[in-house]
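Residue indices begin at 1 and follow the sequence shown.
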Amino acid sequence: LFPDVASTPETVLHAFSGSLPAGPYSRCDLRQPSEYQCAVERLPERQPGPFRLVLADPPYSVEDAKRYGTKMVNRGRVFREVLARIVPVGGHVVWLDQVWPMHRKDQWRTVGWILLTRSTNHRVRMVSIFERTDGDGEAAEEADEGREGPGGGEAAGPGGLFGLCGVVLIAQCRAVK
């Protein structure tokens with residue numbers, strides 16, 4: 001999905017990384033070993049980035065947060081006060097959650113959703129894909145050049161699919177036996 005982003009510790013961050021093993025990316029987690037072993041809310045103090053791509057998998061509920069030994073994340077605050085500081089204009093955040101997180105539309109443009117389900121009677125999770133804008137709701141010019149939305153000539157974003165985003169995918173994950 002992001003061929004223009006080289007996977008390196010300087011360009012890709014896994015926020016709320018949990019037990020994710022080390023790899024060609026940086027990790028941030030409060031409880032597990034990581035390059036940034038702190039709450040995601042404290043990242044700006046560490047002055048990381050800028051990261052062209054942030055992958056985030058926070059606790060989905062208060063019960064999940066308790067199970068992981070952390071507090072529930074204030075999604076809107078993380079977008080406003082953390083991600084907006086460490087993701088440059090034209091960069092992306094891929095957020096896995098049960099909800100479409102609160103965000104400022106002048107800072108972020110929703111460019112896609114992917115719905116995930118494991119099987120019947122399981123929670124449905126949603127991957128929300130955001131692009132960082134310049135504060136006026138505009139993405140970097142080079143990111144917009146040549147982009148076409150689902151209508152063939154319409155840019156993704158306002159006016160795109162449902163007036164919100166350019167891509168909606170529905171996927172079902174199946175266990176490999």
Taking all atoms of both residues into account, what is the closest heavy-atom pair of Glu41 and Asn74, and its distance?
OE2-N, 4.3 Å
Cluster partners of Tyr68, using ILVMFWY side-chain heavy atoms under 4.5 angstrom, listed by chain and number?
none
Members besides Val62 in its Ile/Leu/Val/Met/Phe/Trp/Tyr cluster (side-chain heavy atoms under 4.5 Å)
Met72
How far apart are the closest heavy atoms of Arg132 and Pro88, and which atoms are they?
CB-O, 3.2 Å
Inter-residue atom distance Arg85.CZ - Gln107.CD, 0.5 Å rounding
10.0 Å
Step-by-step salt bridge (charged side-chain N to carboxylate O under 4.0 Å, His left out) determination, Glu63 to Lys66
CA-CA 5 Å; Glu63 293 79 21; Lys66 284 180 187 175; over 6 Å; no
Is the side chain of Arg80 donor-acceptor paired with the backbone N or O of His103 at a distance under 3.5 Å, no angle test?
no
Do Val54 and Trp100 sit in one hydrophobic cluster, given that two such residues count as connected whenever their side-chain heavy atoms are within less than 4.5 Å of each other, even indirectly?
yes
Contact summary for Phe51 and Pro48, nearest pair of heavy atoms:
CE1-CB, 3.6 Å
N/O donor to acceptor pairs below 3.5 angstrom from side-chain atoms of residues 19-26, sequence neighbours left out:
{"residue": "Tyr25", "atom": "OH", "partner": "Pro21", "partner atom": "O", "Å": "2.6"}
{"residue": "Ser26", "atom": "OG", "partner": "Pro9", "partner atom": "O", "Å": "2.7"}

Between Val94 and His14, is the side-chain contact (heavy atoms from CB on, under 4.5 Å) condition met? List the steps.
CA-CA 10 Å; Val94 178; His14 280 266; over 6 Å; no
Would you please classify the geometry between the Phe130 ring and the Phe79 ring as parallel, tilted or perpendicular, with 30° and 60° separating the classes?
perpendicular
List for me each residue that meets side-chain hydrogen bond (donor to acceptor under 3.5 Å, both in side chains) alongside Trp108, sequence neighbours excluded, and say none if there are none.
none
Scan for salt bridge (charged side-chain N to carboxylate O under 4.0 Å, His left out) pairs involving residues 46-60, sequence neighbours excluded, and state none if there are none.
Asp4-Arg52
Quick check: does any side chain N or O of Ser34 sit under 3.5 Å from a backbone N or O of Tyr36, one acting as donor and the other as acceptor?
yes
Testing the basics here: between Val12 and Ala6, what is the closest heavy-atom pair and its distance to 0.1 Å?
CG2-O, 3.9 Å
Arg75/Asp97 ion pair, N-O < 4.0 Å:
yes
Straight-line distance of Trp113 CH2 to Ser128 OG, nearest 0.5 Å:
7.5 Å
Determine which pairs satisfy salt bridge (charged side-chain N to carboxylate O under 4.0 Å, His left out) with at least one residue from residues 8-34, sequence neighbours left out, and list them in order.
Arg27-Glu35
When rounded to the nearest 0.5 angstrom, what distance separates CZ in Arg125 from CD in Gln98?
8.5 Å
Are Ile129 and Leu55 connected, step by step, through hydrophobic side chains (Ile, Leu, Val, Met, Phe, Trp, Tyr) whose heavy atoms are closer than 4.5 Å?
yes
Please identify which of these residues, Val5, Val87, Thr11, Val93, meets the side-chain contact (heavy atoms from CB on, under 4.5 Å) condition with Leu53.
Val5
Transitive ILVMFWY side-chain link Leu1 to Leu116, under 4.5 Å:
yes
Thr133 versus Val89, closest heavy-atom pair with distance:
O-CG2, 3.5 Å
Would you call Cys28 and Cys38 a side-chain contact if the rule is heavy atoms closer than 4.5 Å?
yes
How far does CG of Leu43 sit from CG of Leu13, to the nearest 0.5 angstrom?
6.0 Å
OG1 of Thr120 to NE2 of His122, rounded to nearest 0.5 Å, is 7.5 Å
Which atom pair, heavy atoms only, marks the closest approach of Thr117 to Ser119?
OG1-O, 3.3 Å
Using the rule that two of Ile, Leu, Val, Met, Phe, Trp, Tyr join whenever any of their side-chain heavy atoms come within less than 4.5 Å, decide whether Leu96 and Leu30 are in one cluster.
no
I need the Tyr60 OH to Arg67 CZ distance, nearest 0.5 Å.
9.5 Å
Less than 4.5 Å apart, side chain to side chain, heavy atoms only: is that true for Ser7 and Phe2?
no
